[in-house]
There are 2 protein chains.
Amino acid sequence: MSILSKLSFKDQAFKLRETAILDATTAILASKGFDLMTMDDVAQEVGISKPSLYKHFKSKEDLVGAAMIRLIDGALDYLEAMPAGLSPIQQLKDLLAWALRIRLEGGMPFLPSTSTHVREMLTRNLKYVMRVLKLNSKMEVIVQQAQKQGQLNAALPVDVILFAYYARTCDPAVEYLQLYSKLDHETIVESMLEVCFSGLKNQA
Amino acid sequence: MSILSKLSFKDQAFKLRETAILDATTAILASKGFDLMTMDDVAQEVGISKPSLYKHFKSKEDLVGAAMIRLIDGALDYLEAMPAGLSPIQQLKDLLAWALRIRLEGGMPFLPSTSTHVREMLTRNLKYVMRVLKLNSKMEVIVQQAQKQGQLNAALPVDVILFAYYARTCDPAVEYLQLYSKLDHETIVESMLEVCFSGLKNQA
DNA sequence: GTCTATACTTAGATAGAC
DNA sequence: GTCTATCTAAGTATAGAC
């Protein structure tokens, strides 16, 4: 019994450290991006040595893959937790607002678009790809519902809507507005939603 | 006289090679991005040695800066060459379509958004910053005209419109549509314009 | 499992011959 | 000005002591 509890305690500590590593990785990825993030950065941020880091994740690709999977899971959880009866378009708006708020606080979702290198790396990560496909099928359903109910433009192919939507979660305009405009976070989120769903054109 | 013409001939050859270098750089940047592009890549693509490359550009930053400046100049030229009397919103649409077509053909404009690293590097390049500011002031005028004439949403801050617009020129949705959808180039361009100006929402 | 110290590789930049 | 050959720094990954 004492051995068992000791083991599970060790396991718990291991899990906790793993969470700390993924937190650090996510934050560093958000600020420096994949290529500039070094394993030294991560180890130092967590307060462990590099070899210890490699005990948890066998490579940089592995580590970043795990961080990205956690983000996708976060999105899936958010979708799951949504109040029933929310209109499809409101679901899309809420999810985008959630992602943008995380980004504005330095938590970055959705790195894959930044470079072909990173994209190919993630494409080789089977577990990651499976999560993305799962999220994507859920999103596809929501978009089709929204089109059927006349909330989204039904003339646009579903692919176009989905990719345009995903691209908004990592839109560089967010960082530029944060840097060069005096708008606060919530105003930036609202503006991005407005631009995404209503476009730049005058509606009249 | 013969010396002078010989010199100017040499100068011409030098300029030609410089153009070839910038072409290669632009193409490689478009496919691999800044971090993965090596000076060896560029030298090999042009068919010269690395030290020769360094005779033209004193560093990788310098080289990429020059390539980006040429792209901005292309945009400025395109604006300049526009037929007079074109409505402001049509100018914006034409310029965006022009940029997207270049991207679809592997010519990439507007790298700066890809990472903070690249952005900071370009920010240190005075010549580049000056060109960007010049382009930006022209764009600002067009956007304000469009708002005044009721073509663009006047409720949105000019900054929001400009950054959202710039972001569309390097929208990752373009690459995803190119990769995963069966849409041809022109349909992608039209879809992106539609999404940019009218948004995803149903217009009714 | 954790650390110190180190091997290996890549890529930016240059010395020196021609 | 161009090349071959090389320097140097950085960063991924690991060997081996504790």
Side-chain angles (χ1 to χ4, degrees), chain A residues 3 5-22 24-25 28-29 31-67 115-118 120-122 124-125, chain B residues 3 5-22 24-25 28-29 31-68 111 115-118 120-122 124-125:
Chain A
I3 290 178
S5 62
K6 213 171 187 179
L7 275 179
S8 91
F9 176 75
K10 255 193 176 172
D11 265 14
Q12 251 183 322
F14 196 83
K15 259 289 177 244
L16 272 178
R17 167 124 41 162
E18 199 152 290
T19 305
I21 293 174
L22 289 178
T25 303
I28 298 173
L29 280 176
S31 66
K32 313 178 85 168
F34 177 79
D35 295 291
L36 249 64
M37 181 194 91
T38 72
M39 296 301 265
D40 289 283
D41 287 339
V42 179
Q44 187 172 1
E45 176 80 17
V46 181
I48 59 174
S49 71
K50 218 167 15 166
S52 302
L53 178 54
Y54 275 93
K55 292 285 176 190
H56 287 265
F57 300 95
K58 72 173 196 296
S59 70
K60 185 180 177 183
E61 298 204 355
D62 191 38
L63 170 60
V64 171
S115 83
T116 46
H117 176 210
V118 177
E120 281 162 13
M121 178 193 80
L122 290 171
R124 285 193 301 272
N125 186 326
Chain B
I3 290 177
S5 60
K6 212 170 188 180
L7 274 179
S8 91
F9 176 75
K10 255 193 177 170
D11 266 13
Q12 252 182 321
F14 197 83
K15 260 287 178 240
L16 272 177
R17 170 129 33 167
E18 199 152 291
T19 305
I21 293 173
L22 290 178
T25 303
I28 297 172
L29 280 178
S31 65
K32 314 178 85 168
F34 177 79
D35 295 292
L36 248 64
M37 182 193 89
T38 71
M39 296 302 263
D40 288 283
D41 286 339
V42 179
Q44 186 172 2
E45 175 82 16
V46 180
I48 60 175
S49 70
K50 214 165 22 163
S52 302
L53 178 53
Y54 275 93
K55 292 287 177 190
H56 285 84
F57 300 95
K58 72 172 194 298
S59 69
K60 186 180 177 183
E61 298 204 356
D62 191 37
L63 171 59
V64 171
M68 293 307 298
L111 179 71
S115 82
T116 45
H117 175 210
V118 176
E120 280 162 14
M121 177 193 81
L122 290 170
R124 286 193 300 272
N125 186 326

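Just so we're on the same page: letters track the sequence lines, and every chain starts at 1. Atoms considered below: every heavy atom in the structure, side chains included; atoms not considered: hydrogens, waters and symmetry mates.
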In chain order, what residues pass the side-chain contact (heavy atoms from CB on, under 4.5 Å) check against A:Lys32, with sequence neighbours excluded? A:Ile28, A:Leu36, A:Asp41

According to the interplanar angle, ranging from 0 to 90°, do the rings of B:Phe14 and B:His56 count as parallel (below 30°), tilted (30 to 60°) or perpendicular (above 60°)? parallel

Residues which pass side-chain contact (heavy atoms from CB on, under 4.5 Å) with B:Ser31, listed by chain and number, not counting sequence neighbours: none

Could I get the full list of side chain to side chain donor-acceptor pair (under 3.5 Å) partners for A:Gln44, not counting sequence neighbours? none

Using the test side chain to side chain donor-acceptor pair (under 3.5 Å), find all partners of A:Ser49 that sit at least two apart in sequence or belong to another chain. A:Ser52

Checking A:Asp40 now: which residues fulfil salt bridge (Lys or Arg N to Asp or Glu O under 4.0 Å) with it, not counting sequence neighbours? A:Lys50

Going by the rule side chain to side chain donor-acceptor pair (under 3.5 Å), which residues pair with A:Ser59 if we only count those two or more places apart in sequence or in a different chain? none

Partner residues of A:Glu45 under the salt bridge (Lys or Arg N to Asp or Glu O under 4.0 Å) criterion, sequence neighbours left out: none

Boundaries of the chain A footprint along DNA chain D (any atom under 4.0 Å from a heavy atom): D:dG11 to D:dA15

Stem segments of DNA chain D by first residue number [Watson-Crick or G-U, under 3.5 Å, at least 3]: C:1-18 with D:1-18

Residues passing the salt bridge (Lys or Arg N to Asp or Glu O under 4.0 Å) test with A:Lys15, sequence neighbours excluded, are A:Glu18

Would you tabulate the nitrogen or oxygen pairs shorter than 3.5 Å linking the protein to nucleotides 10-14 of chain C?
unit_1: C:dG12; atom_1: OP1; unit_2: B:Met37; atom_2: O; d: 3.4
unit_1: C:dG12; atom_1: OP1; unit_2: B:Lys60; atom_2: NZ; d: 3.0
unit_1: C:dG12; atom_1: OP2; unit_2: B:Met39; atom_2: N; d: 2.8
unit_1: C:dG12; atom_1: N7; unit_2: B:Lys50; atom_2: NZ; d: 3.3
unit_1: C:dA13; atom_1: OP2; unit_2: B:Tyr54; atom_2: OH; d: 2.8
unit_1: C:dA13; atom_1: OP2; unit_2: B:Lys60; atom_2: N; d: 3.0
unit_1: C:dA13; atom_1: N6; unit_2: B:Lys50; atom_2: NZ; d: 2.8

Any residue meeting salt bridge (Lys or Arg N to Asp or Glu O under 4.0 Å) with A:Asp35, in chain and number order, not counting sequence neighbours: none

